[in-house]
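What follows is a short report on a single structure.
Chain identifiers are assigned alphabetically (A, B, ...) following the order of the sequence lines, protein sequences preceding nucleic acid strands; residue numbering begins at 1 within each chain. Model, not experiment: these values are computed from the prediction.
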Amino acid sequence: MAQSAATISTGQSRQRGQYRRSLGAIWLEFLGSMNLAITLLVVVSIASVIGTVLPQNNPYSEYLIQFGPFWFEVFRLLNLYDVYSAWWFLAILGFLVLSTGVCVSRHIPGVWREITRYRTHVREKSLLALSQHRRWRTSVDAESVEAVAETALQGYGFRTRREARGDTVVVAGMKGGATRIGYVLTHVAVVVIALGALADGNINLKLRELMGDLAVETRDLPVSQVPAASWLGPESGSFRGNVTIPEESNSGVVFLQVRDGYVVQQLPFEIYVEDFRIDHYPNGMPSSYESDLVIHDPALEEPIRQTISVNHPLTHRGHTIYQASFTDGGTALDLTGHLLDGSGQTMPIAGRVFENLRLQLGGLQRTMEIDDFQLFNVDRDPRAVERTGSRDEFRNVGPSFNFTMRDEAGQAREFHTYMAPVEIDDRWYYLHGMRESASEPFRYLHIPADANASMETFMAFHAALHDRARVERAARRAADVLLAQMGVANPELGARVADTANDMIATLVEGGFGAVNAQLEARVAGSNRPEMLLEFSRSVLQRTMFEIYREQLAARQGVELSMVQTDADQRAFFEEAMNAVSAVAEYGSPIIFEIDHFNHREATGLQITRAPGKNVVYAGSAVLVLGIFLLFYVSHRRIWAMVTPREDGGSDLLMAGINQRRPEEFEAEFADLAEAVENQLGVTGDMPGRRRKDASDSAGPTEQTD
Amino acid sequence: MVASREDMLREIRRPSLWQRLTVADWAWAALVVLATAGTYWVLWGVMNVYEVVITFFTAATMIGLGWHWHASRWYMAIVCLASLFAITRYPELAAAQSDFFLKYLLSSQSAIMWMSALFPAATVVYGVALFTGNDFAGRVASKLTWIAAGAGLVGLLVRWHETHLYAGGIGYIPVSNLYEVFVLFAVMTALIYLYYENAQRTRSMGFFVLLIISASIGFLLWYHFDRGAYQIEPLVPALNSYWMKIHVPTNFVGYGCFAIAAMLGVAYLIRARVSDDSPWAERLPTLKQIDEVSYRAIALGFAFFTVATILGALWAAEAWGAYWSWDPKETWALIVWLNYAAWLHLRYTKGLRGKPMAWWAIIGLFVTTFAFLGVNMFLSGLHSYGEL
């Protein structure tokens, strides 16, 4: 502490008034204390962690599932689902700001003294105690020495003040006081930022809710039916809300999320959405989202037309409109549904995305919820690897839509259906995805496309398998062919084989190949050559289906059955059709769709904010940065020159300096300065007192900034 | 005695910055001005006003840095020349495989691999220098670090060019995913360290700092080979902004500084256990040096981190609609900021030094690492670009 001549006086004046303090003063002392500030910094940090670990502002039902009823309630009471606007969190933040404010206001007088006072009242002893000091005994008169010292200090950028005490003259110089202003600026900036942010927070909303002025709506209602108690008038404060507007429609409100509900905020203008677009990179990733907006404001003569996109918002009357999200705006779909009950019936269905349809399918009741529509489906082109060796070519496999089908018991499955066939290993398929819960990936039913790129052939084949008479005829032919191949001529056996085939096909369309296998294995369990029987049965099944397929081909080509020859392509189709028949059994929907036509309509998700405190926060931030750089990169330095005349006409010069934050640099500067003085005086001087202390204690705990 | 006060002042006055500049300083400034003019000449048509301004300030920063830290001139000049050379050999992406210089040296992948080899090498050599007290080894380690940092920066700059070679207007500054920022982190940390090495005239801290850089290289290699993270993928629209060019590098000055401070904390704890008369006392940096550099690193890091967070808030206001949304990344940035604010307060006002502060700096790195990596790995939010 020896070198702290510069700060001792303030320290003492503070100590003096210590006994006899009012309660208020004690409070102020507590609020402005460093320990409180550091404790609060740490507490705010820890409290902030909660909100990052626990997802914020989710629907309450999710929390209930996650934590169970007891902890859900506890966390709700502690406001953990929206920590950052919890009263206790705001209170801690408020305390931190208060503490900072008290601290800085308490220290402003001290800072003012530090940067305005030259401390000409130093004593020789305290100067000698500083780590940087030098003494010279000169033959030059005191006045000249003083002039040299003062000039030198000024030459090094110090502001100086001279004071005489008896014979002794002290020239006190200082520079870099801006660092102390930096201290004030940083702390004031923190308070300013906090106040600005507070103005932009939802305190206003909370207060109105507390006073019963505002009710949070939790039901999913059309805007027109939301009760007046949940409305906020235009330009009534800061807010941050969202609204989804389909193309070619408009909105004059946004919705502010409050806990598990919302309130409706009116806007002083109407937003009309002309168009929403997504541009894509070649790999299908979106490259930009854009909305063409028209703002109709009664205060404007002409409506504003502007395109907004991510990173390019529009600001109007203090409201900023951002491109935040997008969704389907109710795309119209014309579908053809193929019933899978073997009737071969089709039904046209018209619907829109987000619409719920009730379907009467034969004897079955189903609800169909159309969930989404995708205009593009881009994936890595598997052909490109063979063709060019590149993994970076992409293809668009066309539109698709998602729907959920619920049965009478409310059991739901999700489906994903493509409009166009997709090429996989040189074959074309209609893909129909299905999953039982949202957490699973879709499993796809591959329905082979026929020569006309349609599902017709397969659908007809699938329906034919339900026609018992037809199956029986085919089974008979199959049995005859197979038995003939084996050299067995037994008409009775033929009838039995045909019977089995009919059974197997009935099982196949109900339960797939897995069920057929199980059935067969049960049947052959007692026989003496089960392997052979199994093999034979499978051949019969396959051959029967093949016969049905040939029948269809014959009908289509208008030729005799015996004339039908199948090529490789048709045989491949048949293989795929068999697999698809098996897979249809597990599809889980009594109907399968084709998309005939669609009318794509999107909706843009806008976020609209009004943040009157924003400029205050920005100004505070600028001040904060300025303050920090002043604080760190300017250092406050003081150098004193004490000139004492001697009786012999010469004089003694003592120079000493102090600096807290950058001891090394100051040491070099002081040495330069001393050398300059020395050269001017023409003395090398005796330097009994040039000693250097370890910098670690020269930068001792003497600063008073907190 | 000098007669007039003016004469005396002239003789005594400390030379101003302008007077202290040498011919070499001016030559450097002229070179940067020329290069910048050339950049504007070539790219004026495709730059928006923000990019023009950013380029201008980049040039000013390069001049200032070159004046303040002479060794950095060579670094900047050579990196620029090497990158330009690489660009001239790059008519199309496929050249990376066919051109000799690109394939073995200068394509972004090769350059980054060179960096990944040289940083661990530098770590070993710094280690040798530390354990044997061999000065030559120290000089070699220092040079290796320079070259590694150069290779890393060339890698990033060339990658920047490569992104523009892809079809469909993908081009972006390569500081936008976890892979790229890890390279940036290694380069930035190494450069900041080299600055302090030069300022303190000691190489004894190198081993400690290079350890954390090598650790990040280890992660980078895993990420490269196991996850194929080096692939260039187009940006999501929210990242497609000029803010990226300033927000991310500023942030990484902060991260680099905090990492250095933490490793010096480790050095401090080790040095504090070594008695002054042991031979280790001479090889290890002094407590005073460590203390000084840690403080400076944290102060520099804090200043830059503050700026970066504010820039982030400005960007957030433009892209997400609010300057502060308590998104996990934002919140953790605040936690990091509060943490170092507390550190600085303790040092300034309580005058706390030594072991507790060293420990605090080490813990600070864990907090920072979580903000940098952990948030992306474990928490979801708006900043989910850097997912593993």
Side-chain angles (χ1 to χ4, degrees), chain A residues 34 37-38 41-42 44-45 48-49 51-53 55-56 84 140 144 147-148 151-152 154-157 197 240 281-283 285-289 309-313 320 322 324 607 609 611 614 617-618 621 624-625 628-629 632 664 672 676 679-680 682 694-696 700-701 703-706, chain B residues 1-2 5 8-9 11-14 166-170 233-238 240-241 243 287-288 291-292 299-300 302-303 306-307 310 313-315 317-326 328 331-332 334-335 338-339 341-342 345-346 348-353 367 375 378-381:
Chain A
M34 200 63 243
I38 290 178
L41 285 178
V42 175
V44 170
S45 302
S48 303
V49 174
T52 68
V53 176
Q56 299 286 290
Y84 306 114
V140 185
S144 306
V148 167
T151 315
Q154 285 168 356
Y156 272 70
R240 181 179 180 194
Y281 292 115
N283 71 350
M285 275 175 62
S287 65
S288 87
Y289 306 101
S309 62
V310 177
N311 274 317
H312 300 281
T320 311
Y322 304 87
Q607 180 172 94
T609 60
K614 188 160 112 173
V617 172
Y618 288 180
S621 302
L624 178 64
V625 172
I628 285 180
F629 278 92
F632 289 156
E664 277 84 7
D672 281 354
N679 290 340
Q680 286 298 314
D694 195 54
S696 64
E703 295 244 345
Q704 42 168 331
T705 51
D706 41 273
Chain B
M1 281 302 297
V2 181
R5 188 181 143 77
M8 200 155 82
L9 258 178
E11 218 162 293
I12 289 178
R13 179 166 288 144
R14 187 179 211 195
Y166 277 82
I170 285 181
E233 298 274 350
L235 287 187
V236 299
N240 202 349
S241 166
W243 286 107
L287 288 181
K288 189 181 136 194
D291 190 72
E292 173 72 13
L300 182 70
F302 186 76
T306 309
V307 174
I310 291 170
L314 293 173
W315 186 4
E318 214 171 283
W320 301 334
Y323 53 83
W324 195 264
S325 354
W326 294 102
T331 310
W332 274 95
L334 177 70
I335 293 169
L338 292 173
N339 175 60
H345 275 94
L346 280 180
Y348 276 3
T349 59
K350 298 262 161 183
L352 215 56
R353 305 281 149 118
V367 178
V375 172
F378 304 116
L379 309 173
S380 63

Could you look at [X] and say if it's the side chain, the backbone, both or neither that has a heavy atom under 4.5 Å from chain B?
X        : result
A:Ala324 : neither
A:Ser621 : both
A:Ala37  : neither

Return the option, out of [options], with the maximum number of heavy-atom pairs under 4.5 Å with chain A.
options                                : answer
B:Leu314, B:Thr331, B:Asn240           : B:Thr331
B:Ala319, B:Ala322, B:Ala303, B:Pro237 : B:Pro237
B:Ala342, B:Ala317, B:Ala313, B:Pro234 : B:Pro234
B:Leu334, B:Asn339, B:Leu346, B:Leu287 : B:Leu346
B:Val367, B:Val307, B:Leu338           : B:Leu338
B:Glu292, B:Glu318, B:Glu233           : B:Glu318

Query raised in the report: Any side-chain heavy atom of B:Val375 within less than 4.5 Å of one from A:Thr52?
Result: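 B:Val375 does not reach A:Thr52 side chain to side chain.
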Query raised in the report: Considering only heavy atoms from C-beta outward, does the side chain of A:Tyr281 approach that of B:Leu235 to under 4.5 Å?
Result: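 They are in side-chain contact.
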Query raised in the report: Taking every heavy-atom pair that is under 4.5 Å apart, which of A:Ala152, A:Ser309, A:Gly157, A:Ser288 has the most such pairs with chain B?
Result: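 Heavy-atom pairs under 4.5 Å are most numerous for A:Ala152.
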**Report entry** Options A:Val53, A:Thr320, A:Asp672, A:Leu41, ranked by heavy-atom pairs under 4.5 Å with chain B, top entry
**Finding:**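 Looking at each of A:Val53, A:Thr320, A:Asp672, A:Leu41 in turn, A:Leu41 comes out on top.
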Query raised in the report: Just checking, any donor-acceptor pair under 3.5 angstrom between side chains of A:Asn311 and B:Trp243?
Result: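 B:Trp243 and A:Asn311 do not have a side-chain donor-acceptor pair below 3.5 Å.
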Report task. Specify the closest pair of heavy atoms between A:Ser48 and B:Trp326, including all atoms of both residues, with the distance to one decimal. Result ->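 Between these two residues, the closest heavy atoms are OG-CZ3, 4.3 Å.
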Query raised in the report: What's the verdict on side chain to side chain contact (heavy atoms under 4.5 Å, CB included) for B:Ser325 and A:Arg240, showing C-alpha distance, side-chain angles and the deciding distance?
Result: CA-CA 10 Å; B:Ser325 354; A:Arg240 181 179 180 194; 3.3 Å; yes
At a heavy-atom separation under 4.5 Å, does [X] approach chain A through its side chain, its backbone, both, or neither?
X        : value
B:Leu300 : both
B:Ile170 : both
B:Ser241 : both
B:Trp324 : backbone

**Report entry** Flag, side chain of B:Tyr323 to backbone of A:Tyr618, donor-acceptor distance under 3.5 Å
**Finding:**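 No; judged by distance alone, with no hydrogens or angles, the pair does not exist.
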Query - side chain to side chain contact (heavy atoms under 4.5 Å, CB included) evaluation trace for B:Trp332 with A:Val49 - result: CA-CA 7 Å; B:Trp332 274 95; A:Val49 174; 3.9 Å; yes
Requested in this report: If the plane angle is over 60° it's perpendicular, under 30° parallel, otherwise tilted; pick one for B:Phe302 and A:Phe632.
Outcome: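 Perpendicular: the ring planes of B:Phe302 and A:Phe632 meet at over 60°.
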